[in-house]
Amino acid sequence: MAEVVSTSNPENDYREKTRDYPATGIPLCLIIDPRDTTLAVLSDPGPSPGDDGPRYRARHDYAFGDAVAVGPWVVDSGEFRAYDGS
């Protein structure tokens, strides 16, 4: 799963979707954030502390321009662009 962070509701991409995706069995999530030109790869879904359901237990952060490992794939983020005004 790849998610581009929206300018109007970034909390949804970082909070709600990263809660919902592991609960539905999605093993990897790539978050692309053009606001600050960063990427995050979330993986290793599993139980969370408490009864909040599964959560991603691993996170690896990158910057635009990096080669980003997402499971067996490598994403070349060199062509990614920031939102206007970022």
Between D13 and S6, what is the shortest heavy-atom contact and its length?
OD2-N, 2.9 Å

Mind listing the closest non-hydrogen atom pair of P27 and P45 along with its distance?
O-CD, 3.6 Å

Shortest non-hydrogen pair, E11 vs E16, comes out as O-OE1, 3.1 Å

d(D44 CG, R59 CZ) to nearest 0.5 Å is 15.0 Å

What one should report as the nearest heavy-atom pair of G53 and S48 is O-OG, 2.7 Å

With D20 via side-chain hydrogen bond (donor to acceptor under 3.5 Å, both in side chains) - residues at least two apart
none

Would you kindly confirm whether V74 and L30 end up in one hydrophobic cluster when ILVMFWY residues are joined by side chain heavy atoms under 4.5 Å apart?
no

Distance, nearest 0.5 Å, that separates OG1 of T18 from CZ of R55:
7.5 Å

Looking at CD1 of I32 and OH of Y62, how far apart are the two atoms once the value is rounded to the nearest 0.5 Å?
13.0 Å

Residues clustering with M1 (ILVMFWY side chains joined when closer than 4.5 Å, directly or via others):
V5, Y14, Y21, I26, I31, L42, Y56

Rounded to the nearest 0.5 Å, what separation is found between the CZ atom of F80 and the OG1 atom of T38?
11.5 Å

Check whether any side-chain N or O of S77 sits under 3.5 Å from a backbone N or O of D66 as a donor-acceptor pair, and report yes or no.
yes

Contact summary for P47 and R57, nearest pair of heavy atoms
CD-NH1, 3.8 Å

